[in-house]
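As structure tokens, the structure follows; a few thoughts come after it.
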Amino acid sequence: MESLLVLVGLIVLAVPVAILVLLVSQVRLRRRVEQLEQQIRTLGGDLPAPEIVPESMQARDKKSSPWPAIKTEPPEVETKEGTSAPEPQKIPLPETMKDDRIAALSAWLRENWFYAVSALSLALAGVFLVQYGVESGLLSPTMRVIAALMFGATLIGAGEVIRRKYGDDESSATAYLPSVFSGAGLVTLFGGLLAARQLYDLLGPEAALIAMIAVALVGLVLGWFHGPLLAAVGLIGAFASPFVVGGTSTDPGWLYGYFFVIAVLGLGIDTVRRWGWISVLTLVGAYTACLLLVLSAPATEPGYLVGVTALAVIAIAIPVRRIWPDHEGRMISEIIAIQKGLQWPEFPTRLAFGAVIVSAVILAIHWPDSAAEFWLGVMLLAGLTLGLMTWASQARALQDLTILPAAGLTWFVLIQGWDNGSVARRFAETYTETAEADFPWAVTLLVALGALISGLSAWRSFRATEYRAVWAGGAAVFAPLLAIALELGWHPDEVIGAYPWALHAVALAVMMVVLAGRFARVDGENRLRAALVTLSALSCLTFACVIVLSSAALTIAFVAVIVAAAVLDRRFDLPPMGWFIWAGVCTVTLRLVLNPGLDWANSAPVAEMALVYATAAVGFLAAWAILRPLNRPVIALLLESAAWATAGILLSLLLLRWLEGFGNGGAHDSHWGLGLLSLIWLLLACAQVRRFELGGKLNYARYGLALFFAAHGVVRLAQALTEANPLLNAQADPVLGVPILNTLAVAYLLPAIVLALSAAWLPALHPRWKQGCFGLAAALGAIWLGLAIRHVWQGASGMYEGNGVTQPELYSYTMALLLIGAGLFYQSLARRSDMMRKAGLVVIGLAVAKVFLVDIAGLGGLIRVFSLLALGLALAGLAWLNRWAMLRHSPHGAEPLDH
């Protein structure tokens with residue numbers, strides 16, 4: 001059986017050798033044919049004329065070749081006369097893996113699949129040679145490794161002999177053969193070294209890595225002379241070798257160093273040959289191999305994190321052949337967001353962008369199992385961020401990459417707190433066992449790290465020639481954002497106390513103030529950067545107030561910050577302060593309405609509630625007055641509408657709280673409470689409608705808010721008109737107050753007045769909506785008038801409709817209709833309004849119908865006489881008034897009756 005296995009092994013090894021012999025014979029035959037053709041030409045014989053192809057077509061055919069044909073000789077450097085130093089050589093642009101490249105690769109594999117199979121069989125032969133005799137023990141482990149290394153060296157030597165003697169270009173018959181043999185030899189060498197370390201433990205990790213680096217250097221040199229096939233075979237085989245060789249190891253983490261060496265090999269080859277897709281293959285293989293390794297050995301996760309970070313670093317440095325990256329051209333973000341349709345950046349920029357994205361995502365989403373692993377992840381993300389700021393400061397095209405690891409760091413810290421990770425849990429349990437435990441520095445260190453990144457972002461802003469404001473914005477945002485992530489996920493005030501945690505925010509505010517002073521001195525009249533960090537300082541102070549202040553004090557603090565922002569804008573002409581004012585107004589409005597909102601206003605002490613809402617209204621008006629001399633139409637309109645709505649809410653709440661002292665009713669079940677609540681929501685809707693004039697995409701949000709607020713107000717008003725109406729519900733809260741001046745006016749007349757005034761005050765309101773508002777206001781006014789008349793004659797105890805209607809009450813309704821109709825009719829004549837005339841006629845028609853259909857049957861005695869008398873006199877007077885107005889305003893004379 002052993003002899004049979006040896007025979008099979010010899011046959012497998014003999015197949016590639018036979019292929020080599022046949023191909024060499026074919027080359028010799030081809031040369032003899034060429035010599036015969038040359039002799040025929042010399043003797044004057046006829047040969048088929050070769051097709052003449054233009055140079056442009058030749059270049060096109062060469063470019064569309066399945067494998068990019070790049071010259072192996074280094075390009076010559078031309079020097080100008082009179083200069084001692086050569087001009088800097090421009091690195092050629094790489095060819096990327098597009099659809100035509102994929103199609104070309106498929107076509108090449110269809111035509112030359114035997115090269116790939118040959119390379120595979122040779123590589124597997126070398127790898128399995130290492131494992132041969134494991135059970136039989138024919139060869140010692142040392143001899144197996146030596147045999148594999150000798151076999152790999154033999155393959156590389158054979159490939160070099162063929163390349164030097166017969167060539168490796170596409171025009172030769174031996175094309176791709178040197179790459180096949182040399183690539184399989186490299187895989188065999190890597191497999192032998194892996195087996196020496198992983199299977200037989202003949203080498204230590206350090207010696208194995210040194211040997212692999214030596215093999216990688218050999219492969220690097222070979223890759224510069226061979227075609228892309230060698231690079232592809234060598235890379236794929238090298239990445240797959242650890243998984244094919246197998247074996248067990250107590251600590252396989254050293255393989256990350258091996259994968260890193262292979263990645264350097266692939267990128268090093270491609271940085272000279274500029275194939276492009278070889279670099280992509282290298283990174284895909286490296287990331288995939290590292291992922292498979294960490295999945296099979298989870299204990300090696302620290303090495304995995306370091307490895308993927310190192311891959312991002314070499315993906316930045318090696319393709320441009322610089323220790324200090326200098327990627328020129330456009331950024332990816334410029335193409336996506338600013339200048340669409342332009343050419344994408346050069347390949348090294350795209351390669352670095354993809355590698356940094358993958359590494360940042362891996363670092364951000366991995367779950368640390370220990371405190372050491374958490375701090376390792378923090379240091380790697382922070383190091384990648386700081387490295388892109390400092391090490392890659394000369395690379396213009398990589399500026400936008402900084403946001404990727406920075407955002408990953410913020411997310412990593414936030415998730416650690418949300419999911420109760422080891423460090424966050426240990427931080428929360430600091431004082432659980434003993435109150436005298438040492439101060440936990442985890443949060444402080446993270447805030448200090450955020451401050452360091454913000455400081456370096458400010459340093460980049462000082463040094464930058466473009467996008468200086470963007471870097472300043474990064475400095476203003478990152479440290480406060482990281483502190484907010486700690487607040488949301490870690491809740492430091494519950495562990496170290498509110499005051500010490502607030503001091504962290506104050507320290508960040510002091511840092512931003514210092515940066516604002518530096519930016520102001522450098523920029524002069526252009527104060528955009530100073531405004532950005534000033535906004536950050538105000539935000540940090542607001543954050544500190546959120547931590548230490550009560551609900552009411554916090555709202556007042558927000559208002560004070562808004563006024564301070566307006567003062568800074570007025571003093572230093574800082575238009576970006578408008579962003580902060582806009583955010584502040586929205587925040588204060590949310591606090592006044594939702595959280596703690598109206599529920600808090602109904603239960604808090606009246607003085608405290610009045611102070612908060614009055615301060616907000618006065619603060620909005622003060623900020624509006626401060627900014628009035630400046631050209632700030634958007635912010636002025638925002639503050640104006642907010643002040644209008646807040647003042648109306650304050651008056652409504654004061655009236656609500658005052659009325660609650662007279663009875664058991666309140667905001668939830670009384671007609672006047674529901675009416676006041678509807679008034680508040682209608683005022684908020686009017687404030688949003690007032691802001692329609694601002695325009696922009698935010699108008700869609702304003703439309704939604706206006707509809708939501710208006711619908712909420714209408715629902716409350718409908719409740720006041722139905723279930724809480726004392727006329728329709730005998731169990732409803734009674735009417736409070738004297739006739740006319742009572743809760744009926746609060747519930748119905750006040751919303752009607754506000755609706756009418758708002759419709760007249762809002763120029764952005766659609767005419768149809770204006771008509772609807774005026775109509776609703778008129779209906780509410782009519783309902784109030786009817787209920788007020790009933791309250792005069794029936795009193796608070798007789799409002800329910802089941803108590804019937806008295807004759808004076810019925811007569812009063814008639815007189816009220818006549819007076820309203822006469823007033824509308826007169827105003828229509830005075831203003832020449834056909835709409836008001838029709839409305840007056842409708843009201844008078846209702847009065848006539850009521851008299852003849854209701855009063856005649858329901859009234860008796862002199863009251864019925866007076867009702868008919870009043871109707872007749874009123875109609876006669878209106879007829880005379882109508883004719884007088886027509887004679888006065890019409891140019892024609894009076895028309896006779898028989899005309």
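Only this structure's heavy atoms are used, side chains among them; waters, hydrogens and symmetry mates stay out. Position 1 is the first residue of the sequence, and the numbers go up from there.
Side-chain atoms of Tyr256 never come within 3.5 Å of backbone atoms of Glu301 as a donor-acceptor pair (strictly under, hydrogens ignored). For Arg527 (side chain) and Ala520 (main-chain N/O), no donor-acceptor pair under 3.5 Å exists by modelled atom type. Of the possible donor and acceptor atoms, none in the side chain of Thr271 sits under 3.5 Å from a partner among the backbone N and O of Leu267. Distance alone, capped at 3.5 Å, is enough to place a donor-acceptor pair between the Thr300 side chain and the Ala297 backbone. Looking at Asp326, its side chain never comes within 3.5 Å of a backbone N or O of Gln394 through a donor-acceptor pair. Under the 3.5 Å distance criterion, the side-chain polar atoms of Ser536 are left unmatched by any main-chain donor or acceptor of Val477. Here the side chain of Gln416 pairs a donor or acceptor atom with the backbone of Val423 at under 3.5 angstrom. Using a distance-only test at 3.5 Å, with no hydrogens or angles considered, no donor-acceptor pair links the side chain of Thr349 to the main chain of Pro345. Side chain of Ser296 to main chain of Leu293: a donor-acceptor pair is present (N/O by atom type, distance under 3.5 Å, no hydrogens or angles).
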Please lay out, stage by stage, how Trp324 and Ser393 fare under the test side-chain contact (heavy atoms from CB on, under 4.5 Å).
CA-CA 8 Å; Trp324 299 92; Ser393 60; over 6 Å; no
side-chain contact (heavy atoms from CB on, under 4.5 Å) between Phe543 and Glu487, worked out:
CA-CA 10 Å; Phe543 181 45; Glu487 169 67 20; 3.7 Å; yes
Can Ser359 and Tyr287 be said to form a side-chain contact (heavy atoms from CB on, under 4.5 Å), step by step?
CA-CA 9 Å; Ser359 297; Tyr287 280 113; 2.7 Å; yes
For Leu449 and Met379: C-alpha separation, side-chain torsions, deciding distance, then whether side-chain contact (heavy atoms from CB on, under 4.5 Å) applies.
CA-CA 9 Å; Leu449 182 60; Met379 289 300 103; 4.2 Å; yes
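Using a 4.5 Å heavy-atom threshold, the side chains of Leu528 and Leu574 count as separate. Annotation: side chain of Phe462 is in contact with side chain of Arg518 (closest heavy-atom distance under 4.5 Å). Residues Ser539 and Pro480 fail the side-chain proximity criterion, which asks for heavy atoms closer than 4.5 Å. Using a 4.5 Å heavy-atom cutoff, the side chains of His327 and Ile316 are in contact. Using a 4.5 Å heavy-atom threshold, the side chains of Trp375 and Leu446 count as touching. Using a 4.5 Å heavy-atom threshold, the side chains of Trp367 and Asp419 count as touching. Side-chain contact between Leu538 and Met577 is present, with heavy atoms from C-beta onward closer than 4.5 Å. Here the side chains of Arg350 and Ile332 are in contact, with some heavy-atom distance below 4.5 Å.
Between Arg396 and Glu466, at least one side-chain N (NZ, or NE/NH1/NH2) sits under 4.0 Å from a carboxylate O, which counts as a salt bridge.
Enclosure of atom CD1 in Ile403 is not indicated, since only 12 or fewer non-hydrogen atoms of other residues, nucleotides or ligands lie within 6.0 angstrom. The environment of Ile323 atom CD1 is sparse: at most 12 non-hydrogen atoms of other residues, nucleotides or ligands sit within 6.0 angstrom. Enclosure of atom CH2 in Trp582 is not indicated, since only 12 or fewer non-hydrogen atoms of other residues, nucleotides or ligands lie within 6.0 angstrom.
Remark: Leu409 CG to Leu414 CG distance equals 11.0 Å, nearest 0.5 Å. With values rounded to the nearest 0.5 angstrom, Thr309 atom OG1 is found 4.0 Å from Leu363 atom CG. Of the inter-residue distances, the one linking Leu482 atom CG with Ile453 atom CD1 reads 7.5 Å to the nearest 0.5 angstrom. Distance check: Leu532 CG to Trp579 CH2 gives 5.5 Å after rounding to the nearest 0.5 Å. Between the OH atom of Tyr304 and the CD1 atom of Ile362 there is a distance of 3.5 Å, given to the nearest 0.5 Å. Taken to the nearest 0.5 Å, the CE atom of Met389 stands 9.0 Å off from the CG atom of Leu452.
Residue Leu283 comes nearest to Ala315 through the heavy atom pair CD1-CB, 3.9 Å, listed as atom of the first residue, atom of the second, then distance. The two residues Ala263 and Ile314 come nearest to each other via the heavy atoms CB-CD1, 3.8 Å. Nearest approach of Pro575 to Asp569, heavy atoms of both residues: N-OD1, 3.7 Å. Considering all non-hydrogen atoms of both residues, Val533 and Ala516 come closest at CG2-CA, 3.4 Å. Among all heavy-atom pairs drawn from Trp391 and Ala317, the shortest one is CZ2-CB, 3.8 Å. Contact between Ala472 and Phe519 at its shortest, heavy atoms only, is CB-CZ, 4.1 Å.
Screening residues 454-464 for side chain to side chain donor-acceptor pair (under 3.5 Å), with sequence neighbours left out, gives Ser461-Arg529. Within the structure, side chain to side chain donor-acceptor pair (under 3.5 Å) pairs that include any residue of residues 397-412 comprise Ser333-Asp400, Gln399-Trp471 (at least two apart or interchain).
Taking the six-membered ring for Trp and the full ring otherwise, Phe412 and His366 have centroids separated by under 6.0 Å.
Taking the salt bridge (Lys or Arg N to Asp or Glu O under 4.0 Å) definition, one finds that Arg468 meets it with nothing, sequence neighbours left out.
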